[in-house]
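Read the structure below first, then the notes.
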Amino acid sequence: MRYINRVMGPSSSRAIEQQSSQPSVEEEANGEEHVTYTPSFAPLKEYITAVIGVAALTVACWLVTPLTGYGSISLIFLLGVLLAGMVLNRGPVLLVAALSALSWNFLFIPPLFTLHIAKLEDALTFATYFIVAITVGSLTAQLKAREHLAAQVQLAQESERLRKTLLDCVSHELKTPLAAIGAASQELSRLAANIQDSQVLKELAGEIRAGSRRLNRVVDNLLDMNRLESGVIRPKREWCDVRELLQSAVDIERESINGREIRLDVPEEIPLALLDHTLIEQAVAKLLANAGSHTPPRLPIEIDAEYKNDRLLISVSDRGPGIPIDAAERLFEKFYRSNDHKTGGLGLGLSIARGLIEAHGGRLTAENRDGGGARFTITLPVHVTDMNAMEAAS
């Protein structure tokens, strides 16, 4: 559960900070969500902004009065109230409405520089303006609050969906290997005294090793996602041999791809690339693991690399079922698993791979191959050199 909190923590804490003085969403005992609006006090700077805004608008109105007459000035002030309602909270908006009404009376309605209104029609106009300005300001602020409340409800629903998905995935992914490890260790304890068959020992040890590897993968994925969301990943670029980098990624996932043939196609003349070896290696390893989980054992997985137009292109291709047309982008969402998904996993691998590539300033895209299967392409802007130049420099 600590690992779950670390994954969900960064986004949740940001949401809490945004909601500190805004509408909130609470969950009742029966599981239903109840939306409440918590009144908040606008910060002092909004009131200062309101006063300065009314002052600036008053000066502008004073300059255009000879052209428009004082009657039209009320419309300009009313427009200012509407604009204030779009950016300020309710209190400052009401202050704008009141100050604009008083300014219009004191500076524009005859007799000037008094709050006295000589004409009955001007008094009626002023009273109407004051009521309309206060009402419009209040309604505009309420509309803004409701829009924000709707956004918070949507955020709460999305957070709840992610929480349930995460708990469901993690509970399944933890229970399965733990059950296998427990059964294997229990069988080892029972047979330890008189076991004669070394093959049985190997099988039980293999079950424990496979379960441990699966648990480590779950924990690593959760920690990697937490690192990406917290923004602590910073590329540390160094000169890398692309072929060695890809071969290292293959070695990391050798067991998970279960002996499938890996066809590595890298031109001999490809230059050295200035990139973060660890980040790109992990991203390619995630793509290999994904290809291995969707490709039949008899079919190979292909890795290609080339340098073109100041870009390093790395593609991982398979001959699996391919990508549903409507899921080309959803594949990279956290915890996304297609409806026909039969393999294990949290649905984090592709999301982590894209995050690692984007942290490096690159792009990760997916497409279907001609003849069946999927291709994932990494595009990285890199500086390159060649081996001869490096040897000459040394």
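Scope of the values below: all heavy atoms of this structure, side chains included, with no hydrogens, waters or symmetry mates. Every value quoted in this text rests on a predicted model; they were computed, and no experiment measured them.
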Please check if L115 and Y70 belong to a single hydrophobic cluster, counting links between Ile, Leu, Val, Met, Phe, Trp and Tyr side chain heavy atoms closer than 4.5 Å.
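Looking at the clustering, Y70 is in the same group as L115.
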Pairwise side-chain contact, [X] with [Y], heavy-atom cut-off 4.5 Å (strictly under):
{"X": "V250", "Y": "L246", "answer": "no"}
{"X": "T379", "Y": "T365", "answer": "no"}
{"X": "I76", "Y": "V64", "answer": "yes"}

Side chain to side chain donor-acceptor pair (under 3.5 Å) partners of [X], counting only residues at least two apart:
{"X": "E358", "result": "none"}
{"X": "S248", "result": "E281"}
{"X": "R298", "result": "none"}

Return the [atom1] to [atom2] distance between [X] and [Y], rounded to the nearest 0.5 Å.
{"X": "L364", "Y": "L350", "atom1": "CG", "atom2": "CG", "result": "7.5 Å"}
{"X": "L95", "Y": "L99", "atom1": "CG", "atom2": "CG", "result": "4.0 Å"}
{"X": "I252", "Y": "Q247", "atom1": "CD1", "atom2": "CD", "result": "11.0 Å"}

Please confirm whether the backbone N or O of [Y] pairs with a side-chain atom of [X], one donor and one acceptor, at under 3.5 Å?
{"X": "H360", "Y": "D276", "result": "yes"}
{"X": "R319", "Y": "L299", "result": "no"}
{"X": "R260", "Y": "I301", "result": "no"}
{"X": "R369", "Y": "D318", "result": "yes"}
{"X": "D265", "Y": "D304", "result": "no"}
{"X": "T295", "Y": "G292", "result": "no"}

Stepwise, does the side-chain contact (heavy atoms from CB on, under 4.5 Å) test hold for S100 with V81?
CA-CA 8 Å; S100 63; V81 174; 3.9 Å; yes
side-chain contact (heavy atoms from CB on, under 4.5 Å) assessment of F108 paired with T58:
CA-CA 10 Å; F108 298 96; T58 301; 4.2 Å; yes
For atom CZ of R146, decide whether the heavy atoms of other residues, nucleotides or ligands shown that lie under 6.0 angstrom number more than 12.
no
Nonpolar side-chain network containing L120, other nodes, edges under 4.5 Å:
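When side chains under 4.5 Å apart are linked, the cluster holding L120 also contains L124.
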Carefully, step by step, assess F77 and V96 under the rule side-chain contact (heavy atoms from CB on, under 4.5 Å).
CA-CA 9 Å; F77 276 125; V96 169; over 6 Å; no
Please output the side-chain donor-acceptor pairs of residues 308-317 that fall under 3.5 Å, not counting sequence neighbours, one pair per line with the distance.
residue, atom, partner, partner atom, Å
D310, OD1, Y307, OH, 3.2
S317, OG, R375, NE, 3.3

Geometric class of the F106/F113 ring pair [parallel <30°, tilted 30-60°, perpendicular >60°]
perpendicular
Salt bridge (charged side-chain N to carboxylate O under 4.0 Å, His left out) partners of residues 100-123, not counting sequence neighbours, each pair once:
none
